[in-house]
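Below: the structure, in structure tokens.
In this text the structure is predicted, and so the values were computed from the model without any measurement. Here is how names work: the chains are called A, B, and so on, in the same order as the sequence lines, proteins then strands, and each is numbered from 1.
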Amino acid sequence: MKAPQMHPLWLPLVGWGLVLALFAQQGFWKELLSTLFPTSRSPVFERETLLNLALQHLAITAGAGMLVVLVGVPLAVLATRPVGVGLRPLLEHLVAAGQTFPPVAVLVLALPFFGFGSAGAVLALFLYGLLPVVRNSLEALAALPADVLEAARGMGYARHQMLWQVELPLALPVILAGIRTSLVLILATATVAPLVGGGGLGLPIIAGLAVSNLALVVQGAVAVALLALLLDWTLARAEDALIPWREPR
Amino acid sequence: MIRLEQVVKRYGDFEALRGVSLEVDKGQVVTLLGPSGCGKTTLLRTVNRLIEPSAGTVRIGGRDVRELDEVELRRGIGYVIQSIGLFPHMSVLENVAVVPRLLNWSKPQREARAQEMLAMVGLEPRTYAGRYPRELSGGQAQRVGLARALAADPPVLLLDEPFGAVDPPTREHLQDEFMRLQSQLKKTVLFVTHDLDEAVKISDRICLMNSGQVEQYDAPETLLRNPKTPFVQAFLGPSRTLLRLSRVALDGLMEPPDGHHPKATIPHTATAREAFSALLAYGCRSLGVTDEAGQLVGLVRLEALLAEASEEP
């Protein structure tokens, strides 16, 4: 008899609960940071609670991440179909360019179109985070085991059935790894959002830099790092849940 | 059942198939035999339209396959390749149920069928149904591949070196199992192999190919007795007479026991080749033949074997 298996996502859920609960302890952060930085006159960000900053940060990340997945994966699928083969080199160059372009510059360039607020930040982060998803999806879909595809074709899978029932499930591990990389990257980079009026954990960091208050910088940076680690771990667990057929790690 | 008429396949200047005509009767096992690059796999793949011939016609049950929808056609033909190509993301049961699922069978119906198929190829469904392909040995994977090809009960099977990737004892075992299944199921089978022993063992007829052409198409006994071309003779090699004896049952060569106690015995299910080998091993001129219970039922003499082996008319 196997021990009854826990759902693989219950631990990450508890993790998120604990971290957000920790962020809600405004008093604790104030005490901690004033101990570490006794000279600082305002050791925590006062205009917004840490919990709200974290939630704003996650909202921006989720928005950009969703766009990345909804645009990146279909683009890769298209570029690996017979009709889209010509698209592939162009796509690879575009997403590579998207990542080499500094997100801060994209932010400022997007300002005239999206105005002040989170929308421009989401767009800049979307362009920045597109590369890992597109590249991984392209490579996964282009390098599927030939014998499996041959067997599938020989058994009478129609094109669309091949895609949904064979190709995407087989490419899923590599696609998910790309999504994980993208999301963590976006979450960390979302700290630039306040430059165009977006919210999030970048606020205390940028405010702290402006007035040389290291306590604020530490507050924001530690929170971002915690969220990034938690997100990475959650997505790794989600991969295991979605790919039960893979060799256990 | 399957009929190929002057099938040609060109890749640029290279002719992989140079006008192959072949007829496979219903319920027969025909092997496409030949060295690598002779076109046997290409020929096989024209039947389920994985390859479209440059010229010529392929018919199944009298119908030109080009008139049929290729996806529908393939769902009606069992197909196994050497590397099997099991779907790593599906359980064994789901793998076997693939074609029934494509044919929109209900879930209980296709799962029941898949379990039945697993049992038929000798894999206990309770043990194997829930496994993933990575948890199978090579021989087990081959069985699953065969079960998958048989699941929708197609009248035609295309097998491309299905036992090529397993070790020799497993291969022989799988061949025996295949022959047992075939005697029940009576499928029309095209079987690609480069293994002469395998072809001689399982075929009703052998189509020996060389550089895109049929060299000889005959029953194994005829092929081994009368090689028509120098290529066939060279391909069959110096042991072809022994190979032919491996197709001969002992029943026709036996005489009644003569009262003497034989020096060595052999079961009556053995082949003439095995009897010959035993005679050589024991250095005697006759062998006792025993039934399942070990009772002496007859005698086989060296002279009878030599007469059978002789190619003199």
Side-chain angles (χ1 to χ4, degrees), chain A residues 1-5 8 73 76-77 80-83 136-137 139-179 236-249, chain B residues 41 44-51 68-92 94-104 130-136 141 144-145 148-152 154 156-162 164-165:
Chain A
M1 264 306 273
K2 267 194 210 168
Q5 287 219 321
V73 178
V77 169
T80 48
R81 301 304 96 186
V83 287
N136 275 35
S137 307
E139 271 168 23
L141 287 167
L144 295 174
D147 58 333
V148 174
L149 297 185
E150 150 103 8
R153 219 155 72 84
M155 277 186 295
Y157 274 93
R159 277 242 172 91
H160 65 282
Q161 291 172 318
M162 279 277 262
L163 177 66
W164 289 104
Q165 295 176 30
V166 181
E167 295 177 70
L168 283 175
L170 284 179
L172 197 61
V174 181
I175 295 179
L176 287 180
I179 291 176
R237 300 279 298 201
E239 281 174 34
D240 290 343
L242 286 167
I243 316 166
W245 49 275
R246 184 164 60 175
E247 198 88 42
R249 281 186 282 204
Chain B
T41 293
L44 186 83
R45 289 161 52 109
T46 61
V47 177
N48 62 359
R49 291 186 59 189
L50 286 173
I51 290 177
L68 306 166
D69 176 69
E70 56 178 8
V71 167
E72 296 294 326
L73 170 76
R74 289 173 193 153
R75 288 175 189 172
I77 297 177
Y79 186 49
V80 181
I81 55 179
Q82 180 180 345
S83 50
I84 329 168
L86 292 182
F87 299 126
H89 61 295
M90 296 183 191
S91 70
V92 164
E94 289 168 325
N95 263 287
V96 175
V98 153
V99 181
R101 182 167 152 213
L102 291 172
L103 293 169
N104 291 321
R131 292 201 183 172
Y132 285 108
R134 68 176 158 82
E135 298 167 308
L136 299 176
V144 175
R148 183 169 71 170
L150 289 168
V156 173
L157 283 183
L158 304 178
L159 309 177
D160 190 352
E161 307 209 23

Hey, which of B:Glu72, B:Arg148, B:Arg134, B:Glu135 has the most heavy atom pairs under 4.5 Å with chain A? B:Arg134

Pick whichever of A:Leu149, A:Val166, A:Leu172 has the most heavy-atom pairs under 4.5 Å with chain B. A:Val166

Give a yes or no on whether the backbone of A:Pro173 and the side-chain of A:Arg246 come within a donor-acceptor separation of less than 3.5 Å. no

For A:Val174, side-chain contact (heavy atoms from CB on, under 4.5 Å) partners two or more places apart: A:Asn136, A:Ala140

Scan the side chains in residues 81-90 of chain B for donor-acceptor partners under 3.5 Å anywhere in the protein, sequence neighbours excluded, and list what turns up.
residue	atom	partner	partner atom	Å
B:Ser83	OG	A:Asp147	OD2	3.4
B:His89	NE2	A:Gln165	O	2.8

Side chain from CB out, backbone as N, CA, C, O: work out which of these in A:Ala152 comes under 4.5 Å of a heavy atom of chain B, or both, or neither. both

Contacting moiety of A:Gln161, where chain B heavy atoms sit under 4.5 Å: side chain

I'd like to know which of B:Leu73, B:Val98, B:Leu102 tops the heavy-atom pair count under 4.5 Å against chain A. B:Leu102

Would you kindly say whether B:Glu94 and B:Tyr132 are connected by a side-chain donor-acceptor distance under 3.5 Å? no

With a 4.5 angstrom heavy-atom cut-off, which part of B:Arg101 approaches chain A: side chain, backbone, both or neither? side chain

Quick one: do A:Glu167 and A:Arg81 make a salt bridge, cutoff under 4.0 Å? yes

